[in-house]
A.B. asks: 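I have a structure I would like to understand better, so I am pasting it below and will then ask my questions one at a time.
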Number of protein chains: 2
Amino acid sequence: MAVHVLAVLAYKEGDRVTSAFLAGSVNTNPVIIRRLLLSLQRARLVDTCKGAGLGSRLNRSPGRINLAEVYRAVEEVEPFASPSRKPNAACPVGHCIREELDRVFASAEKAMEHDLEKTSLADVINAVKASGACGKKRAV
Amino acid sequence: MAVHVLAVLAYKEGDRVTSAFLAGSVNTNPVIIRRLLLSLQRARLVDTCKGAGLGSRLNRSPGRINLAEVYRAVEEVEPFASPSRKPNAACPVGHCIREELDRVFASAEKAMEHDLEKTSLADVINAVKASGACGKKRAV
DNA sequence: GACAAATGTAATCACTACGGTTACTTACTA
DNA sequence: TAGTAAGTAACCGTAGTGATTACATTTGTC
């Protein structure tokens, strides 16, 4: 959803866009979009202003925003879930497996982010435009 | 949790272990373990038998089981969530961004799995044993 | 064959996360 | 000053998941 919002902002090339408009494209509620924009603001990816005729726009060119940044801006929970209860400390395996798995999972997440870094917002926009142009579905 | 269970089985080196014992190490309920074991059975990672004195054991040596296999055996939902509602098809961005993101996310997940492949269950066991031996906490 | 042990499985509950919705406040432009 | 748009709080519904209980089923041992 975050990528979708940023893609629309990129598509509008610097024009300010309201949360209501973005909500229309994502097909959700403006409040959802505003909550999402707060995270993107914290990451300095977008610039948002209150007031009549205003709204949000990208803070950088789409070519200088990659999807790993978007992921880090939005995703605050770890992709690998650990059980809520602590393992049995009396078990030789249980009492120290957590820290080892944390290491392995951090590495895996980093590998994933490194792959996401290869794709910029501009790449996404280009793919979208190409897909629209090659006639899979005729854009309005 | 799946890795924890498999690590205990590896630690027991071929002996059959009951779901009750595994639940004790993970600090959860035997039923949770049994449901997890069903997934691991489907992936041919463990071999489980009903009956007095039986239980589960690894189907392969720990060195021949990597964490990517465990991940695929257990995780059936995509790590990247897509919004429940379809995007607005009338929007030039919305009507085709999904398929492009599916491509990017599939690549990122693959990169993550590729990193997980580098770690085997034997690696986890060795780290656990080393951590226990170096005296951070004295095992029982 | 009877009994005990262990898994398979269904039903239910609680907790959490997240999107959705409404309503109200705050800030900015015209 | 009026209108527009974001900020934000409160609440609801849904989905996922671990936890728990209960029961059927299978298997090994005496």
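No experiment lies behind these values; they were computed from the predicted model shown. Reminder, nothing fancy here: chain letters follow the sequence lines and each chain counts from 1.
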A.B. asks: Return the set of residues passing salt bridge (charged side-chain N to carboxylate O under 4.0 Å, His left out) with A:Arg16 (not counting sequence neighbours), or none when no residue passes.
C.D. replies: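 By the salt bridge (charged side-chain N to carboxylate O under 4.0 Å, His left out) rule, A:Arg16 matches A:Asp47.
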A.B. asks: Using modelled atom types and a 3.5 Å cut-off, is there a donor and acceptor pairing between side-chain atoms of B:Asn27 and backbone atoms of A:Asn88?
C.D. replies: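 Flag not set: sc B:Asn27 to bb A:Asn88 has no pair under 3.5 Å.
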A.B. asks: Would A:Glu69 and A:Arg60 pass as an ion pair if we require N to O under 4.0 Å?
C.D. replies: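 Looking at A:Arg60 together with A:Glu69, the answer is yes, because their closest N to O distance falls below 4.0 Å.
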A.B. asks: For D:dA6, take OP1 and OP2 only and decide whether either is under 4.0 Å from a side-chain N or O of A:Ser19.
C.D. replies: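 For D:dA6, OP1/OP2 do have a side-chain N/O of A:Ser19 under 4.0 Å.
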A.B. asks: Look up atom CZ in A:Arg64 and atom CG in A:Asn59, then write down how far apart they are to the nearest 0.5 Å.
C.D. replies: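 The distance works out to 12.0 Å.
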A.B. asks: In Å and rounded to the nearest 0.5 Å, what is the OH to CE distance from A:Tyr71 to A:Met112?
C.D. replies: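 Spacing of OH (A:Tyr71) from CE (A:Met112) equals 3.5 Å.
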A.B. asks: To the nearest Å, give me how far apart CZ (A:Arg34) and P (D:dT4) are.
C.D. replies: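 Those two atoms, CZ and P, are 14 Å apart.
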A.B. asks: Does A:Arg72 CZ have over 12 foreign heavy atoms under 6.0 Å away?
C.D. replies: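 Yes - once you tally the heavy atoms of other residues, nucleotides and ligands closer than 6.0 Å, there are more than 12.
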A.B. asks: Please enumerate all protein N or O atoms sitting under 3.5 Å from an N or O of nucleotides 27-30 of chain D, with distances to 0.1 Å.
C.D. replies:
none

A.B. asks: So where does chain B start and stop touching DNA chain C, 5' to 3', when the test is distance under 4.0 Å to a non-hydrogen atom?
C.D. replies: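 First and last nucleotides in contact are C:dA5 to C:dT21.
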A.B. asks: Could you list the residues that satisfy side-chain contact (heavy atoms from CB on, under 4.5 Å) with B:Val70, not counting sequence neighbours?
C.D. replies: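 Scan of B:Val70 (side-chain contact (heavy atoms from CB on, under 4.5 Å), adjacent residues dropped) gives B:Ala2, B:Val3, B:Leu6, B:Leu45, B:Ile65, B:Leu67.
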A.B. asks: What I want to find out is whether A:Glu117 reaches A:Lys110 closely enough, with some N-O distance under 4.0 Å, to be called a salt bridge.
C.D. replies: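 Salt bridge flag = no for A:Lys110 with A:Glu117.
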A.B. asks: Mapping A:Leu37 and B:Pro30 onto DNA chain D by nearest heavy atom, which one lands closer to the 5' end?
C.D. replies: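 By nearest-heavy-atom nucleotide position, the 5'-most residue is A:Leu37.
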A.B. asks: Mind calculating the distance between CZ (A:Arg16) and P (D:dA6) to the nearest angstrom?
C.D. replies: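 So the two atoms are 10 Å apart, to the nearest Å.
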A.B. asks: Is any side-chain N or O of A:Gln41 closer than 4.0 Å to OP1 or OP2 of D:dG7?
C.D. replies: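 A:Gln41 to D:dG7 OP1/OP2: side-chain N or O found under 4.0 Å.
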A.B. asks: Give, for atom NZ of A:Lys118 and atom CG of A:Asp123, the distance between the pair rounded to the nearest 0.5 Å.
C.D. replies: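 A:Lys118 NZ to A:Asp123 CG: 11.5 Å, rounded to 0.5 Å.
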A.B. asks: Measuring from the side chain of B:Asn29 (C-beta onward, heavy atoms only), which nucleotide among D:dA9, D:dG7, D:dT21 has the closest atom?
C.D. replies: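 Minimum distance to the B:Asn29 side chain belongs to D:dT21.
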A.B. asks: Which heavy atom of A:Ile97 sits nearest to which heavy atom of B:His4, and what is that distance?
C.D. replies: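 Shortest heavy-atom contact: CD1-CA, 3.7 Å.
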A.B. asks: Write out all pairs satisfying ring pair (Phe, Tyr, Trp, His ring centres under 6.0 Å) with one or both partners inside residues 106-128 of chain B, taking only residues at least two apart or from two chains.
C.D. replies: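 Residue pairs with at least one partner in residues 106-128 of chain B: there are none.
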A.B. asks: Polar-atom pairs under 3.5 Å, protein N or O versus N or O of nucleotides 12-18 of chain D: list them with distances, or write none.
C.D. replies:
none

